[in-house]
S.K.: 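Following this message is one structure expressed as structure tokens.
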Amino acid sequence: MDKYEQVIELAKRRGFLWNSFELYGGSAGFYDYGPLGSTLKRRIEQIWRELFVIQEGFMEIETPTVGIENVFVASGHVGGFSDPLCECRACGEAFRADHLVDRIVPVADALSNDELDRIIRENQIKCPECEGELGETYEFNLMFKTQIGPGSGRQGYMRPETAQGMFVDFLRLARFYREKLPFGATQIGKSYRNEISPRQGVIRLREFTQAEAEIFIDPQDKSHPNIGRFADTILNLYSDAAQEKGEVEKITIAEAVQRGIIAHEFLAYQIGLTNIFLQRVGVAPEMLRFRQHKKDEMAHYAMDCWDAEVSTDRFGWVEVVGIADRTNYDLCAHAAVSKTELSIYREYPEPKMVTRFVVKPNMGKLGPLFKGKAKTVAEALKALPREDLEKEEIKVIVDSEEIIIPKGVVEFAEETIKVSGENIVPHVVEPSFGIDRIFYTVLEHAFDEEAMPAKEDTEEEARIIMRFRNEVSPVQIAVLPLLTRKELIEPARKMESKLREKGLLVSYDDSGTIGRRYRRNDEIGTPYSVTIDYDTLEDNTVTIRERDSMKQVRTSIEGIEDTLYDLMYKSKDFESAGTAL
RNA sequence: GCGCCGAUGGUCUAGUGGCUAUGACUGGGGCCUUCCAAGCCCUAAACCCGGGUUCGAAUCCCGGUUGGCGCACCA
């Protein structure tokens with residue numbers, strides 16, 4: 001059993017992850033989060049909120065998971081998210097049909113499937129693998145389609161990323177942030193991709209959770225006021241150049257910016273923040289690296305892109321976060337399709353005096369003269385260069401008809417005007433997190449097995465521990481009466497509700513022997529257990545047992561909720577929680 | 001989508017044409033005055049789905065679903 005198998009087996013058994021629709025045989029690419037899984041996932045998301053929403057001030061929004069067609073026409077997903085595939089009838093290999101013909105026609109990727117089929121036939125293209133006959137080209141689109149409304153309805157799509165919702169709301173967001181760059185919006189939610197063949201458990205899903213931030217910044221100023229915070233942060237950087245050498249570099253963020261390895265401060269800051277986030281939820285620092293997209297793998301619109309990758313036992317390095325400077329690509333695309341300017345007015349520090357040539361047709365005279373054509377005539381006049389207007393006879397061509405314009409219906413002059421700012425299209429820096437992959441990584445990196453010394457007549461056995469960081473543990477405190485007896489159950493139940501009132505995630509467990517219950521709680525990663533025994537009835541003290549060390553301290557029931565709270569959240573030292581046993 | 005290999009209680013597993021389907025762990029109830037899967041008693045729980053072959057199928061054949069691996073795909 002490799003680690004993946006062990007982790008998934010435990011996750012299934014203990015209620016972290018279940019295959020969806022199991023009752024009906026299941027369906028690939030979907031997973032249920034069980035009671036502990038949902039809690040763990042939500043706590044991971046909560047830390048993300050804490051960092052990106054609360055600390056950075058990028059407010060969370062919520063947009064529909066179903067989108068209308070234009071949104072994804074603009075984003076390029078309807079056209080570009082699908083590929084023409086073509087299979088060999090003999091050996092079954094699938095190929096990109098456009099790649100097969102790209103040496104014959106210059107713009108293969110613009111061809112329709114019928115045209116591709118025709119070219120393949122006419123040029124007698126055979127399977128590159130086995131020379132077999134090729135089948136018909138078909139479109140494989142990774143978008144889930146749906147109908148909006150009754151009947152044939154309106155074409156809708158499940159979103160393949162949460163990002164578009166934030167771009168579409170750009171003008172509202174700009175207004176909300178009082179039109180000052182930089183500003184950002186975030187979204188945590190489900191996205192959908194109809195993967196050809198989802199595999200690798202929760203690593204590649206058809207429905208998955210993303211946490212994304214879209215941060216709109218000034219294209220001329222990509223500095224970050226708070227970059228100093230990460231000056232000394234050392235990262236495992238796997239830059240384009242480092243990949244050529246095959247060696248990860250350990251350098252500070254400051255140096256990476258200064259040497260131009262990371263394109264600019266703003267991007268570097270997001271990388272620093274991502275580093276903090278991943279380690280805080282429990283990704284092992286030595287199993288984390290930041291890999292730069294190589295020039296040829298980067299999406300055409302991005303200017304620099306870094307993936308946070310984590311090391312996994314079975315799958316090797318897995319991408320869990322993508323941090324890209326998407327430039328103004330998305331806003332421009334939505335502006336073009338919606339025919340709405342998506343820009344923000346930026347005032348200059350000092351107004352500029354700009355001299356320009358202005359043409360002012362006199363509509364009061366043009367109207368009666370040209371009636372319905374007046375508007376197009378005026379447009380034509382405005383487009384004329386100065387020397388043509390200064391001629392004795394002003395001529396314009398409207399609808400391929402030459403028109404002579406009488407004197408006095410058009411004025412023109414050099415004007416000096418004050419320009420106090422301009423409309424700019426912001427650039428977008430996008431950190432995009434795959435929560436499900438991070439979730440799996442947290443499980444795998446927390447998973448540990450420890451050999452327990454053999455007792456008399458017994459085999460050596462393994463203790464399985466999920467070493468979750470306190471902040472993400474789905475169960476924080478286990479309350480355990482030493483024996484299943486009324487006189488111990490009652491105070492244990494009281495303890496349970498007292499701790500819940502403090503806001504701690506408590507599980508009460510009285511079934512089986514105490515050793516079994518400790519092991520059970522080790523397996524779900526409960527950091528501390530509180531045990532009530534007969535001494536408790538005498539002197540009001542209980543035992544607190546620490547998961548990682550299995551050490552125990554004895555402490556008073558009085559104020560125990562604060563002690564446990566401090567252990568959980570304030571890094572209180574365990575030894576100081578009571579007297580060692 | 002293609003190819004190869006698998007699918008038996010919650011988990012792991014035995015079973016290769018003839019059972020009432022093996023075992024372990026786990027789970028649940030109880031006993032137990034003392035802390036790391038302890039012990040004792042009781043108990044629950046499975047042949048992926050659909051066809052076919054056969055007197056008889058968990059077992060053989062076909063199809064599907066699903067899991068793993070390889071190929072392809074991963075904007």
Side-chain angles (χ1 to χ4, degrees), chain A residues 1-2 4-6 8-15 18-30 34 72 75-96 99 109 127-130 135 138 140-143 160-161 193-201 203-204 297-302 314 319 322 450 452-453 455-459 461-464 480-485 487-488 510-523 529-538 542-547 549-552 554 581:
Chain A
M1 274 232 275
D2 68 4
Y4 171 81
E5 249 180 299
Q6 288 182 291
I8 290 295
E9 189 265 319
L10 183 146
K12 237 184 228 176
R13 203 156 38 78
R14 290 298 184 193
W18 296 322
N19 286 99
S20 294
F21 320 121
E22 233 177 352
L23 184 61
Y24 291 103
S27 179
F30 298 95
F72 302 115
S75 70
H77 289 106
V78 169
F81 208 49
S82 67
D83 296 313
L85 291 186
C86 171
E87 277 170 32
C88 171
R89 291 195 210 272
C91 69
E93 283 287 338
F95 304 94
R96 285 280 295 271
H99 289 179
D109 54 355
C127 169
E129 287 292 314
C130 73
Y138 60 92
F140 192 86
N141 191 298
L142 265 46
M143 299 283 282
E161 58 177 16
R193 296 179 191 183
N194 202 2
E195 295 286 349
I196 298 174
S197 144
R199 299 246 180 107
Q200 312 175 325
I203 302 289
R204 201 128 137 255
E297 77 178 289
M298 197 147 37
H300 58 285
Y301 49 78
R314 182 185 284 193
E319 171 196 348
E450 199 174 76
M452 295 296 286
K455 285 185 295 185
E456 290 171 55
D457 313 332
T458 57
E459 296 280 299
E461 62 184 359
R463 178 170 85 112
I464 294 173
L480 316 171
L482 189 63
L483 295 170
T484 324
R485 298 188 58 127
E487 62 272 27
L488 296 181
D510 66 8
S511 86
T513 61
I514 189 68
R516 189 186 299 276
R517 284 177 276 161
Y518 283 149
R519 288 294 198 276
R520 247 197 308 252
N521 277 288
D522 288 342
E523 265 198 5
S529 300
V530 174
T531 308
I532 284 89
D533 58 22
Y534 281 92
D535 289 345
T536 310
L537 307 179
E538 306 284 317
V542 291
T543 304
I544 306 177
R545 179 248 194 199
E546 186 182 46
R547 176 194 69 204
S549 63
M550 299 197 288
K551 284 184 182 153
Q552 299 184 322
R554 196 79 194 176
L581 287 183

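First the proteins, then the strands, lettered A, B, ... as listed; each starts at 1.
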S.K.: Tell me the interatomic distance from A:Glu319, atom CD, to B:C74, atom P, rounded to whole angstroms.
M.R.: 14 Å
S.K.: Check every strand shown and say whether A:Arg547 touches a base, only sugar-phosphate, or nothing at a heavy-atom separation below 4.0 Å.
M.R.: nothing
S.K.: With both distances kept under 3.5 Å, what pairs with B:C74, Watson-Crick or G-U wobble?
M.R.: none
S.K.: Between B:G64 and B:U11, how far apart are the P atoms? Round to whole Å, please.
M.R.: 26 Å
S.K.: If the cut-off is 4.0 Å, is A:Tyr24 near the phosphate of B:U66, judged by side-chain N/O to OP1 or OP2?
M.R.: no
S.K.: So if I take every side-chain heavy atom of A:His77 and compare against B:A75, B:U66, B:G68, which nucleotide ends up nearest?
M.R.: B:A75
S.K.: With a 4.5 Å heavy-atom cut-off, do A:Met143 and A:Arg193 have their side chains touching?
M.R.: no
S.K.: The side chain of A:Arg519 lies closest to which of these nucleotides: B:C32, B:C36, B:A75?
M.R.: B:C36
S.K.: With syn defined as a glycosidic torsion within 90 degrees of 0 and anti otherwise, which applies to B:U53?
M.R.: anti
S.K.: Rounded to whole Å, how long is the line connecting atom CG of A:Leu10 with atom P of B:C25?
M.R.: 19 Å
S.K.: Would you kindly give the CZ-to-C1' distance between A:Arg517 and B:G28, to the nearest whole Å?
M.R.: 14 Å
S.K.: Is the shortest side-chain N/O distance from A:Thr531 to OP1 or OP2 of B:C35 below 4.0 Å?
M.R.: no
S.K.: Quick check on B:G27: is either OP1 or OP2 less than 4.0 Å from any side-chain nitrogen or oxygen of A:Arg516?
M.R.: yes
S.K.: Can you check whether A:Ile464 reaches A:Asp522 side chain to side chain, under 4.5 Å on heavy atoms?
M.R.: no
S.K.: For B:G50, give its Watson-Crick or G-U wobble partner with both distances under 3.5 Å, or none.
M.R.: B:C62
S.K.: Categorize A:Asp535 for me: base, sugar-phosphate, or nothing, with a 4.0 angstrom heavy-atom threshold over every strand shown.
M.R.: base
S.K.: Find which nucleotide of RNA chain B each of A:Arg204 and A:Gly512 is nearest to by heavy atoms, and output the residue with the more 5' nucleotide.
M.R.: A:Gly512
S.K.: Looking at A:Arg13, does any N or O in its side chain come under 4.0 Å of the phosphate oxygens OP1/OP2 on B:G27?
M.R.: no
S.K.: At 4.0 Å (heavy atoms only), tell me whether A:Glu523 reaches a base, stays on the sugar-phosphate, or touches nothing.
M.R.: base
S.K.: Step by step, work out the side chain to side chain contact (heavy atoms under 4.5 Å, CB included) result for A:Val542 and A:Asp533.
M.R.: CA-CA 7 Å; A:Val542 291; A:Asp533 58 22; over 6 Å; no
S.K.: Would you indicate whether the side-chain heavy atoms of A:Phe30 and A:Pro198 approach each other to under 4.5 Å?
M.R.: no
S.K.: OP1 or OP2 of B:C32 less than 4.0 angstrom from a side-chain nitrogen or oxygen of A:Arg485, does that happen here?
M.R.: yes
S.K.: Picking from B:C32, B:G68, B:C36, which would you name as closest to the side chain of A:Tyr518?
M.R.: B:C36
S.K.: Under 4.0 angstrom, heavy atoms only, what part of the nucleic acid is A:Gly322 near: base, sugar-phosphate, or nothing?
M.R.: nothing
S.K.: Using atom P of each nucleotide, how far apart are B:C35 and B:G29 to the nearest Å?
M.R.: 22 Å
S.K.: Nearest whole angstrom, please: distance from the C1' of B:A75 to the CD of A:Glu195.
M.R.: 11 Å
S.K.: Could you check how far CD of A:Glu22 sits from P of B:A7, rounded to whole Å?
M.R.: 17 Å
S.K.: If I pick the C1' atom on B:U8 and the same atom on B:C48, what distance separates them, to the nearest angstrom?
M.R.: 10 Å
S.K.: Using only modelled atom types and a 3.5 angstrom limit, is any donor from either the side chain of A:Asp533 or the base of B:C35 paired with an acceptor on the other?
M.R.: yes
S.K.: What is the distance, to the nearest angstrom, from the CZ atom on A:Phe21 to the P atom on B:G67?
M.R.: 12 Å
S.K.: Could one point to a donor on the side chain of A:Gln552 or the base of B:C35 with an acceptor on the other under 3.5 Å away?
M.R.: yes
S.K.: Do the side chains of A:Asp510 and A:Arg485 get close enough for a salt bridge, i.e. N-O under 4.0 angstrom?
M.R.: no
S.K.: Please give the distance between the C1' atoms of B:C36 and B:C47 as a whole number of Å.
M.R.: 37 Å
S.K.: Is there a Watson-Crick or G-U wobble partner for B:G56 with both distances under 3.5 Å, and if so, which one is it?
M.R.: none
S.K.: Send over the distance from A:Asp510 CG to B:G27 C1', rounded to a whole Å.
M.R.: 14 Å
S.K.: Considering only side-chain heavy atoms of A:Thr513, which listed nucleotide, B:U11, B:G39, B:C35, is closest?
M.R.: B:G39
S.K.: Does B:G3 have a Watson-Crick or wobble partner in any strand here, with both distances under 3.5 angstrom, and which is it?
M.R.: B:C69
S.K.: Regarding A:Arg463 and A:Glu450, does a basic nitrogen lie under 4.0 Å from an acidic carboxylate oxygen?
M.R.: yes
S.K.: Between A:Leu581 and A:Thr543, is any pair of side-chain heavy atoms under 4.5 Å apart?
M.R.: yes
S.K.: Counting only Watson-Crick or G-U wobble pairs whose two distances fall under 3.5 Å, which nucleotide matches B:C40?
M.R.: B:G30
S.K.: Are any of the side-chain nitrogens in A:Arg519 or A:Glu523 under 4.0 Å away from the carboxylate oxygens of its partner?
M.R.: no
S.K.: Under 4.0 Å, heavy atoms only, any strand: does A:Glu546 hit a base, just the sugar-phosphate, or nothing?
M.R.: nothing
S.K.: What's the gap between B:A75 and B:A37 when it is taken at their P atoms, as a whole Å value?
M.R.: 50 Å
S.K.: Does the structure show a Watson-Crick or G-U wobble partner for B:G17, both distances under 3.5 Å? Name it, or say none.
M.R.: none
S.K.: Rounded to whole angstrom, note down the C1' distance from B:A57 over to B:G17.
M.R.: 7 Å
S.K.: Do A:Arg520 and A:Ser511 come close enough that some side-chain heavy atom pair is under 4.5 Å?
M.R.: yes
S.K.: By nearest heavy atom, map A:Val542 and A:Gly26 onto RNA chain B; which one lands nearer the 5' end?
M.R.: A:Val542
S.K.: Looking at B:C35, I'd like to know if its phosphate oxygens (OP1 or OP2) sit under 4.0 Å from a side-chain N or O belonging to A:Arg545.
M.R.: no
S.K.: Taking only the side-chain heavy atoms of A:Arg193 (C-beta and beyond), determine which of B:C35, B:U26, B:A75 contains the nearest atom.
M.R.: B:A75
S.K.: Rounded to whole Å, please give me the gap between CD1 in A:Ile464 and P in B:C12.
M.R.: 13 Å
S.K.: Considering only side-chain heavy atoms of A:Met550, which listed nucleotide, B:U33, B:A75, B:C36, is closest?
M.R.: B:C36
S.K.: I'd like the P distance from B:U26 over to B:U65, given in whole Å.
M.R.: 38 Å
S.K.: Considering only the C1' atoms, how many Å lie between B:G15 and B:C19, rounded to the nearest integer?
M.R.: 12 Å
S.K.: It should be established whether A:Ser511 places a side-chain nitrogen or oxygen under 4.0 Å from OP1 or OP2 of nucleotide B:G28.
M.R.: yes
